[in-house]
**Q** 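Mind looking over this structure? Questions follow.
Counting convention: from 1, in listed order, for ligands and their atoms alike.
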Amino acid sequence: MTGLPRGKVRGARIAALGVYVPERVLTNDELSQFLDTSDEWISTRTGIRERHIARIDQATSDLAVEAAKQALERAAVDAGELDLVIVTTITPDMVFPATASIVAHRLGATRAGAFDLEAGCTGFVYGLAVATGFVAAGIYRNVLVIGSEVLSRSLDWEDRTTSVLFGDGAGAVLVSPTENGSIFSFDLGNDGSGAEYLGMPAGGSRLPASHHTVRDRQHYMKMTGSEVYKFAIRAVADSCEKVLSDAGLTPQDVNLFVPHQANMRIIEAAAKRLGFKPEQVFANLERYGNTSCASIPICLEEAWASGRLQKGDLLLMTGFGAGLTWGSCLTRWDL
Ligand code: ACO
């Protein structure tokens with residue numbers, strides 16, 4: 001049992017963390033066997049060396065359930081105690097019903113509401129903000145936020161400009177009440193004028209599936225990488241500055257900065273603009289690629305397990321992605 005009686009709720013904390021990553025590892029060298037690319041190009045331009053790929057029988061809900069089970073087990077919270085299940089993803093099992101409905105059912109979360117939240121790769125930070133709002137307001141006590149992606153199914157494996165960048169994985173956090181309110185600052189943003197730079201053109205109401213959309217490969221992710229790159233550096237730095245100044249803090253106060261893992265050059269450029277020292281910045285995209293909504297919780301797990309993230313540390317998380325969206329969250333790590 002986590003948390004306090006409703007009347008005494010003062011805020012929210014991350015009460016548990018769980019992750020799941022598929023076993024199969026796909027290296028840059030393997031990619032270069034069927035794509036006109038190389039380990040040298042991918043690693044110098046992005047920092048990525050390998051990524052995990054889901055089994056053919058695994059969909060986004062399957063990964064999400066595994067990550068969620070680990071979080072619930074660690075928190076010693078029964079799925080029946082969950083009030084809300086939020087799945088953040090850009091690769092849902094299907095357009096509808098929500099992947100969260102399937103996940104909640106499989107977990108046995110019979111009392112919980114469930115919905116998907118789509119905010120590109122910023123989904124995890126958006127989901128954390130929604131969960132924090134519900135918990136801090138005293139509406140709910142146990143909200144599960146799961147970032148889960150099987151991006152390997154939405155990639156055009158003939159397109160070297162996108163397929164080398166992404167991987168599959170899932171991470172879940174349980175958000176529960178606390179007297180101290182350890183999650184204390186958010187910045188969420190959106191600029192839809194950049195919607196054209198990153199997305200999957202067909203399969204929705206604008207361009208329903210047809211022979212032509214399949215022929216033209218429009219059911220795969222399309223990205224104008226250079227535009228997303230410029231946007232990302234600006235958005236990450238601006239959002240971090242805002243969330244820190246709202247809290248009356250500076251980059252020097254941050255123990256660990258965990259940015260969305262898309263490209264090492266983006267992370268380094270943003271960190272440099274913010275004046276972070278290398279030991280303040282966490283990155284693991286070398287081994288996972290960009291896992292979209294799962295990238296931040298997968299980093300948290302590794303940082304926590306290796307001792308780089310410790311109880312009481314000031315943690316800054318920042319996401320960016322399709323929309324174009326961005327978002328930051330400042331919290332004291334409480335595990
Ligand atoms: N292997 C070899 N060559 C390649 C590859 C590849 N995999 N991909 C592109 N190239 C070639 C291009 O064709 C181009 O060749 P040309 O000069 O003959 O035309 C050359 O490499 C340079 O291409 P650029 O696109 O200019 O390379 P750039 O240095 O900009 O790097 C990259 C591309 C890595 C995609 C970069 O722009 C980037 O990281 N952008 C941000 C992407 C991102 O963060 N996306 C995730 C957002 S989160 C979400 O919501 C999903």
**Q** Are Ser38 and Glu40 linked by a side-chain donor-acceptor pair shorter than 3.5 Å?
**A**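 No, no side-chain donor-acceptor contact under 3.5 Å.
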**Q** In chain order, what residues pass the side chain to side chain contact (heavy atoms under 4.5 Å, CB included) check against Ala262, with sequence neighbours excluded?
**A** His260, Asn290, Phe320
**Q** What's the verdict on side-chain contact (heavy atoms from CB on, under 4.5 Å) for Leu244 and Leu330, showing C-alpha distance, side-chain angles and the deciding distance?
**A** CA-CA 7 Å; Leu244 283 165; Leu330 198 56; 4.0 Å; yes
**Q** Assess whether a salt bridge exists between Arg51 and Asp168, defined as any Lys/Arg side-chain N lying under 4.0 Å from an Asp/Glu carboxylate O.
**A** no
**Q** Please determine which of His52, Gln58, Gln70, Lys69 meets the side-chain hydrogen bond (donor to acceptor under 3.5 Å, both in side chains) test together with Tyr20.
**A** Gln58
**Q** Considering only heavy atoms, which protein residues lie less than 4.0 Å from any atom of ligand 1?
**A** Asp36, Thr37, Trp41, Arg45, Thr46, Cys121, Arg160, Thr161, Val164, Leu165, Phe166, Leu198, Met223, Gly225, Ser226, Val228, Tyr229, His260, Ala262, Asn263, Arg265, Ile266, Asn290, Phe320, Gly321, Ala322
**Q** Between Asp62 and Arg106, does at least one N-O distance fall below 4.0 Å, as a salt bridge requires?
**A**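 Answer for the salt bridge query: yes.
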